[in-house]
Amino acid sequence: MLLHRVKSFLNNQLTIKQAKQIHAQILITKLNHLQPLLVHQFMLSKTNHSASVLMYVRKILHHLQKPDAFSWGCTIRFLSQRGQFQEAFSLYVEMQKLGLYPSTHAMSSALRACARTEGKTGGVSIHAQVHRYGVCNCVFVQTALVDFYSKLGDIDTAKRVFDEMPEKNVVSWNSILSCYLKAGNLGEARRVFDEMPKKDVISWNSILSGYAKTGNMDQTLSFFQRMPERSFASWNTLISGYVERGEIESARRFFDMMHQRNNITWITMIAGYTKCGDVKSACELFDKMPEKDHLAFNAMISCYAQNSQPKEALKLFDEMLKLGTNIRPDGVTLASVISACSQLGELRFGSWIESYINKHGIQMDDHMVTALIDLYSKCGNVDKAFNLFNGLSKKDVVSYSAMIAGCAINGKADDAIKLFQKMVDAQIQPNLATFTGLLTAYNHAGMVEEGHQCFNSMKDSGVVPSSDHYAIMVDLLGRAGRLEEAYELIKSMHVKPHTGVWGALLRACTVHKNVEFGEIAAQHCFELEPGTDGYYSLLANIYASVGRWDDSRRMRSNMERKKLARIPGCSWTELT
DNA sequence: TTAGGGTTAG
């Protein structure tokens, strides 16, 4: 009767309460041989196995009257499949201590756990056991070994084990294929792919992804077209390849061709539009997405934050919060939200977020900390930013750049320069954002020569200055009264200068009462931004400063006549 | 027993 009851749970929901009841009955009736069966059934049931359930199973395993390798094996296998690798491996070690002979299930599952936790020693000792126990013929264990060495990055051993396998299946071939792909050896991967006696959709997706990563989309497409069977991942790999290459139209063409899409498809496309700054298209897709998960929200919030629409980002974050249980913000969401707050100069939000993080036990990661460094810097709290920076587990180009910029805008040029030196010493390659911060520091400190030198050194780091960098340089030279040099610098630009560049020259001309360059700079500003009247005012001021009252009046009446809209000052503190 | 595609900071 009891046996029947235990068996009836096969593939049924088995709650911990029911299991405990049955277990109690087993103990009362002294039918201890049913205990392993209970463990087995427990592992097979579709119940959500929480930590307390597993503790319970562990207890049964340890109190079995007779140690039972089968029960241990299926528990280890279950844990490994569920991604609880540490737990799986420690059970494997425990069963050894009990003197149990591990099944091939237990061995391959423990190997899987070692592969995913980088448990090199554990995996290698299981390899030794494979020989000792004479299970060299088991294709599952051997394949798990190939996978283990592949994940460890030990290609030679992976290949040796693979070559020595008396019997191989498609999984074994896929494992060695992914080994070469992970190592970036596409040539060898291709050779393996061509040699495979049988290919499944995993083999095809793997090679497809290998080619997509090289950026050779013609080749990738040719593989895609030859696939006998395609899964979502096949389509998504292709689309993501086009997105990475910046070929958003091609990505969209295949997106539209799909009859069915999963969330990854939608999010890949939204992220693609984010990268190319097409917020409108991203938003359209987000609205059309049938079942938005929290990753979709993350993608869209980041899209707004990355494309200078911080208010929209916060609005969507607010909507996300209102959705309640199913969709919860995580660290990724918060990193974007902090970035949005930073753009708004809104420190209060920042503090709110910090308390939210603490309240919900969200793990602070380096992304979030870097966003906070930026936020506190922009709000003038450099000390706090510095504290966060010093506490980072790993400092990279993004965090250094944030901190350098933080020092720069808060008048700490020396600190910014020191940080840059530290970064170079740590062999971290500076990029565009790093130089923006550093040049800003030189600019604030009025260090013209040093700034100039820094600007010229950009090419040594393989960084091509953008319009923003030129704008800072023009500002630096202009403030020092070196207007002609500033103008020559603009003329030498390979990209079209934006109003930031010409505006910097125009403002410098106002300070130094220079009509000649002022007129040139103003003319460009008028053309680039016909709706902004500030430039007319500046030129009018220049005329007035040299006593050319008629011209000054002409400028102002020009302004009136065109009924130009007065654009408010573009200070981020005013936007809140 | 195998992989694979998605969101994050300056």
Side-chain angles (χ1 to χ4, degrees), chain A residues 77 80-81 104-105 107-112 115 138-148 150-151 168-179 181-182 200-210 212-213 231-241 243-244 261-272 274 293-303 305-306 329-340 342-343 365-375 377-378 388-389 392 396-406 430-437:
Chain A
R77 186 177 168 204
S80 176
Q81 279 169 350
T104 52
H105 275 314
M107 282 178 124
S108 56
S109 304
L111 273 170
R112 181 175 196 264
C138 173
V139 65
F140 296 137
V141 174
Q142 295 291 330
T143 300
L145 273 174
V146 173
D147 182 51
F148 167 73
S150 153
K151 290 221 165 45
K168 301 175 179 85
N169 62 19
V170 66
V171 181
S172 327
W173 281 93
N174 284 343
S175 297
I176 197 73
L177 175 65
S178 90
C179 178
L181 287 170
K182 210 178 301 284
D200 63 6
V201 69
I202 294 180
S203 330
W204 280 95
N205 284 350
S206 301
I207 199 79
L208 192 69
S209 156
K213 283 199 180 97
S231 64
F232 278 128
S234 327
W235 288 89
N236 294 343
T237 304
L238 187 72
I239 291 173
S240 144
V243 163
E244 278 301 309
R261 307 175 183 101
N262 66 5
N263 276 11
I264 297 178
T265 324
W266 289 91
I267 294 169
T268 307
M269 211 54 227
I270 290 172
T274 300
D293 57 10
H294 82 282
L295 297 178
F297 273 87
N298 286 356
M300 197 58 223
I301 290 173
S302 137
C303 177
Q306 290 295 302
D330 60 6
V332 176
T333 328
L334 292 170
S336 289
V337 170
I338 296 166
S339 158
S342 166
Q343 291 171 49
D365 65 11
D366 287 358
H367 287 280
M368 281 162 71
V369 172
T370 306
L372 282 172
I373 291 172
D374 180 56
L375 173 70
S377 300
K378 291 223 172 90
L388 287 168
F389 180 73
L392 277 171
D396 66 359
V397 61
V398 185
S399 48
Y400 263 108
S401 305
M403 200 59 241
I404 290 170
N431 63 18
L432 281 172
T434 323
F435 283 108
T436 305

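Reminder, nothing fancy here: chain letters follow the sequence lines and each chain counts from 1. In this text the structure is predicted, and so the values were computed from the model without any measurement.
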Atom-pair distance ([atom1] on [X]; [atom2] on [N]), nearest Å:
X	N	atom1	atom2	answer
A:D330	B:dT7	CG	C1'	8 Å
A:D374	B:dT8	CG	C1'	14 Å
A:N298	B:dA9	CG	P	10 Å
A:M368	B:dT7	CE	P	19 Å
A:Q343	B:dT8	CD	P	14 Å

Looking across every strand, which nucleic acid part, if any, lies under 4.0 Å from A:T434 by heavy atom: base, sugar-phosphate, or nothing?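 A:T434: base contact, heavy atoms under 4.0 Å.
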Identify the two heavy atoms, one from A:N431 and one from A:S401, that lie closest to each other, and give their separation to 0.1 Å.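 So the two residues come closest at OD1-OG, 4.1 Å.
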Please report the shortest heavy-atom distance between A:S175 and A:D147, naming the atom on each side.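 Closest approach of A:S175 to A:D147: OG-CB, 4.3 Å.
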What distance separates A:L372 CG from A:S377 OG, expressed to the nearest 0.5 Å?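 If I round to the nearest 0.5 Å, the distance is 10.0 Å.
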Do A:Q343 side-chain atoms and A:A305 backbone N/O form a donor-acceptor pair below 3.5 Å?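 Yes, the answer is positive, given that a donor and an acceptor are paired below the 3.5 Å cut-off.
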For A:N262, what residues pass the side chain to side chain donor-acceptor pair (under 3.5 Å) criterion, not counting sequence neighbours?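 If we apply the side chain to side chain donor-acceptor pair (under 3.5 Å) test to A:N262, skipping adjacent residues, the hits are A:N236, A:T265.
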Any A:S336 side-chain N or O less than 4.0 Å from OP1/OP2 of B:dT8: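 False: A:S336 side-chain N/O out of range (4.0 Å or more) of B:dT8 OP1/OP2.
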Under 6.0 Å from the ring centre and within 45 degrees of the ring axis: does the NZ or CZ of A:R261 meet both conditions for the six-membered ring of A:W235?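 No; the conditions do not both hold, so A:R261 does not lie above the ring face of A:W235.
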Can you give one letter per nucleotide of nucleotides 1-6 of chain B, going 5' to 3': B for a protein heavy atom under 4.0 Å from the base, S for sugar-phosphate only, - for none? BBBBBB
